[in-house]
Trainee: 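Below: one structure in structure tokens.
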There are 2 protein chains.
Amino acid sequence: MRRYGGGMETRELRYFVAVAEELHFGRAARRLGIAQPPLSRAIRQLERRLGVTLLERDSRSVALTAAGSVLLREGRAALDAVAAADRRTRRAGQAATGGPGLVLATKTGASSELLPKLLGAYAAEPDAVPVEVLLCGIGEQERLLRDGRADVALLHLPYDSTTGLDTEELITEPQVAILPAGHPLARRPHLLLAEVEALPGLPMPRWPRADGSYPDGPGPEVRDHAQLFQLIALGRTVVVLPESARSLLLADLATVPVPDAPAVTTVIAWPPHSRSRALAGLIRTATRL
Amino acid sequence: MRRYGGGMETRELRYFVAVAEELHFGRAARRLGIAQPPLSRAIRQLERRLGVTLLERDSRSVALTAAGSVLLREGRAALDAVAAADRRTRRAGQAATGGPGLVLATKTGASSELLPKLLGAYAAEPDAVPVEVLLCGIGEQERLLRDGRADVALLHLPYDSTTGLDTEELITEPQVAILPAGHPLARRPHLLLAEVEALPGLPMPRWPRADGSYPDGPGPEVRDHAQLFQLIALGRTVVVLPESARSLLLADLATVPVPDAPAVTTVIAWPPHSRSRALAGLIRTATRL
DNA sequence: CCGCATCGATACCTTCCGGGTATCGCGCGC
DNA sequence: GCGCGCGATACCCGGAAGGTATCGATGCGG
């Protein structure tokens with residue numbers, strides 16, 4: 001049995017996170033749908049109750065203190081946990097009335113072979129529940145698991161981080177370079193990573209980050225695999241992907257093994273404390289594939 | 001940038017967790033320091049807003065629904081995260097004024113060789129901060145990390161669970177049986193686990209669980225290593241411990257290797273998202289020992 | 001079968017706090 | 001110097017949280 005001394009309210013956390021992200025009380029207030037004065041007051045109260053200065057403010061600028069950055073990081077995690085509690089409880093309530101039993105998050109276009117096999121095998125289990133598949137962008141999965149929008153995800157090491165998640169390895173596969181069918185290197189038995197990266201006139205594509213912005217660089221900005229493959233066919237870029245990406249290839253593309261590229265391991269991941277009956281079943285099915 | 005739609009307040013979560021743990025509105029209200037009617041109302045409001053029945057109540061008993069158990073589990077995690085945000089922010093504010101920079105949790109009596117070495121080596125680092133050591137009971141460490149009372153912990157696999165934590169392995173050591181010096185088996189070169197467990201009249205001791213209660217069984221209840229060793233010396237029990245426990249042994253005790261007992265790995269563990277400069281330094285020092 | 005105790009729900013009142021409007025104080029730029 | 005942007009302050013209002021009294025149901029002992 002535990003005691004939770006009357007601590008911070010999530011409202012205060014939401015307010016602080018908004019201000020800390022905007023570094024501007026007016027904008028933060030607008031984003032929160034309240035007026036600016038109550039927001040100022042709320043932050044001051046929070047600072048007084050914590051006995052800590054969170055924001056250094058003069059009338060021209062607002063900046064985070066060291067304690068403020070800690071609360072920004074921890075506060076986001078806490079808000080995610082609260083949001084997860086909310087969503088998962090709602091879903092648990094509706095599960096009885098036919099809603100999806102599990103939400104699985106995976107990267108768009110990835111695991112095109114594994115995923116149908118997994119869903120098929122699981123659906124055949126005696127106590128299977130409906131599985132909703134959530135296709136999402138790069139690096140989005142961890143967030144979805146944390147805030148309760150997903151119960152389980154397929155991640156790809158070493159690209160995705162699994163810190164704070166429980167995982168089981170499913171398959172490991174080598175990577176291949178994907179080239180236009182007519183490219184001179186397309187007939188080579190294999191390529192080295194360095195060779196692929198140094199291909200003149202064929203810079204690696206740039207994927208969007210979590211916030212939607214693109215890193216700097218020479219390569220084209222791509223948003224999904226369809227776009228990517230078309231650009232490769234046009235001879236504008238090149239990419240190294242796990243072997244299984246072959247299954248969604250266009251006709252005029254060729255693959256060449258890249259033995260020194262790190263092998264990609266597909267893992268099934270879930271938040272550590274949530275071990276529902278249905279989730280356990282799905283994981284068991286996955287590891288048996 | 002993320003939006004957190006106006007969701008649950010921590011007060012509601014605290015209330016629900018109290019009721020779910022007590023399964024009794026009156027007791028829960030007393031525990032929370034409020035009257036019973038506002039508590040009933042708060043739970044009803046929570047249920048209405050979630051659109052989910054959390055508790056099945058007739059006027060004689062209260063029981064959790066499936067959704068209720070989900071909210072109990074997720075709510076505890078969320079409250080821990082909020083408590084962690086609170087505590088870590090407070091500490092970050094006081095850190096400037098000389099408070100402890102890091103709080104390390106370890107089991108009382110364990111790692112008696114490793115811990116001083118680690119603290120010594122870290123203190124010698126150029127940018128070391130003060131480290132407070134928190135001695136705690138079995139299985140308490142995960143909780144301390146989760147709710148922010150500790151920043152880092154020493155855990156012992158396979159006894160402790162590391163789900164949801166980031167870890168680095170430090171050392172792995174075999175286990176030994178600890179016997180009274182005069183015991184007939186004390187002169188054997190090694191013992192099998194089965195032999196130790198079957199010792200007539202020497203049942204394994206029982207350790208308290210997280211909630212303070214003891215599992216059933218024939219062995220004596222022990223609370224710490226001093227108590228345990230005294231009981232062994234008295235010939236009332238026997239135990240299998242990692243080799244390094246030798247360093248805190250009494251004179252009239254003997255150790256015998258137990259090669260088939262699982263090796264114990266000491267790991268340093270920390271919550272996944274909190275990677276402060278000081279913490280990174282401590283972990284680096286630890287892995288270099 | 002009838003009090004009686006127990007426990008959650010309801011009714012009603014009070015207080016306090018979250019939120020709004022108006023305004024101030026301050027620093028910057030035209 | 002004057003306007004303007006921004007955060008802080010002052011003040012008011014409404015609603016929600018909390019308390020007291022009471023009800024209604026249920027199980028139990030006499």
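Just so it is clear: chains get the letters A, B, ... in the order the sequence lines come, proteins before strands, and each one is counted from 1. Values in this document were obtained by computation on a predicted structure and should not be read as measured data.
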Trainee: Between the protein and nucleotides 21-30 of chain C, list every N/O to N/O distance that falls short of 3.5 Å.
Mentor:
none

Trainee: Can you list everything that forms a side-chain contact (heavy atoms from CB on, under 4.5 Å) with Asp147(B)? Sequence neighbours excluded, please.
Mentor: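 Applying side-chain contact (heavy atoms from CB on, under 4.5 Å) to Asp147(B) gives Asp80(B), Ala83(B), Arg87(B), Arg143(B), Arg149(B).
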Trainee: Sequence neighbours excluded, which residues qualify as side-chain contact (heavy atoms from CB on, under 4.5 Å) partners of Thr162(A)?
Mentor: Leu155(A), Leu157(A), Thr167(A), Val267(A)
Trainee: Indicate every side-chain donor-acceptor pair of residues 276-284 of chain A with a distance under 3.5 Å to a residue at least two apart or in another chain.
Mentor:
from	atom 1	to	atom 2	distance (Å)
Ser276(A)	OG	Leu279(A)	N	3.0

Trainee: Listed by chain and number, what are the salt bridge (charged side-chain N to carboxylate O under 4.0 Å, His left out) partners of Arg41(B), not counting sequence neighbours?
Mentor: none
Trainee: Does the side chain of Pro208(A) reach to within under 4.5 Å of the side chain of Glu221(A), using non-hydrogen atoms?
Mentor: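 No, too far: nothing below the 4.5 Å cut-off.
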Trainee: For Glu168(B), what residues pass the salt bridge (charged side-chain N to carboxylate O under 4.0 Å, His left out) criterion, not counting sequence neighbours?
Mentor: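 Result, salt bridge (charged side-chain N to carboxylate O under 4.0 Å, His left out) vs Glu168(B): none returned.
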Trainee: Which nucleotide, dG19(C), dG8(C), dG7(D), lies nearest any side-chain atom of Phe25(A)?
Mentor: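 Among the listed nucleotides, the one closest to the side chain of Phe25(A) is dG7(D).
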Trainee: Compare side-chain N and O positions of Ser40(B) against OP1 and OP2 of dG8(C) and report whether any pair is under 4.0 Å apart.
Mentor: no
Trainee: Within the pair Arg41(B) and dA16(D), is there a side-chain N or O less than 4.0 Å away from OP1 or OP2?
Mentor: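 It does not, given that no N or O in the side chain of Arg41(B) lies less than 4.0 Å from OP1 or OP2 of dA16(D).
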Trainee: Report the distance from atom CD of Glu12(B) to atom P of dA16(D), rounded to the nearest whole Å.
Mentor: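 The distance from CD of Glu12(B) to P of dA16(D) comes to 12 Å, rounded to the nearest Å.
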Trainee: Tell me: CZ of Phe16(B) to P of dA17(D), nearest whole Å?
Mentor: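 In whole Å, dA17(D) P lies 18 Å from Phe16(B) CZ.
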Trainee: Nearest to the side chain of Arg44(A) - dA8(D), dA17(D), dG19(C)?
Mentor: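 Given the options dA8(D), dA17(D), dG19(C), the side chain of Arg44(A) is closest to dA8(D).
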Trainee: Does a distance-only test, which skips hydrogens and angles, find a donor-acceptor pair under 3.5 Å between the side chain of Arg11(A) and the base of dG18(C)?
Mentor: no
Trainee: Taking 4.0 Å as the cut-off, does a side-chain nitrogen or oxygen of Arg57(B) come that near to OP1 or OP2 on dA9(C)?
Mentor: yes
Trainee: Need one value for Gln45(A): base, sugar-phosphate or nothing, where a base atom within 4.0 Å counts as base even if backbone is also close, heavy atoms only.
Mentor: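 Sugar-phosphate contact only.
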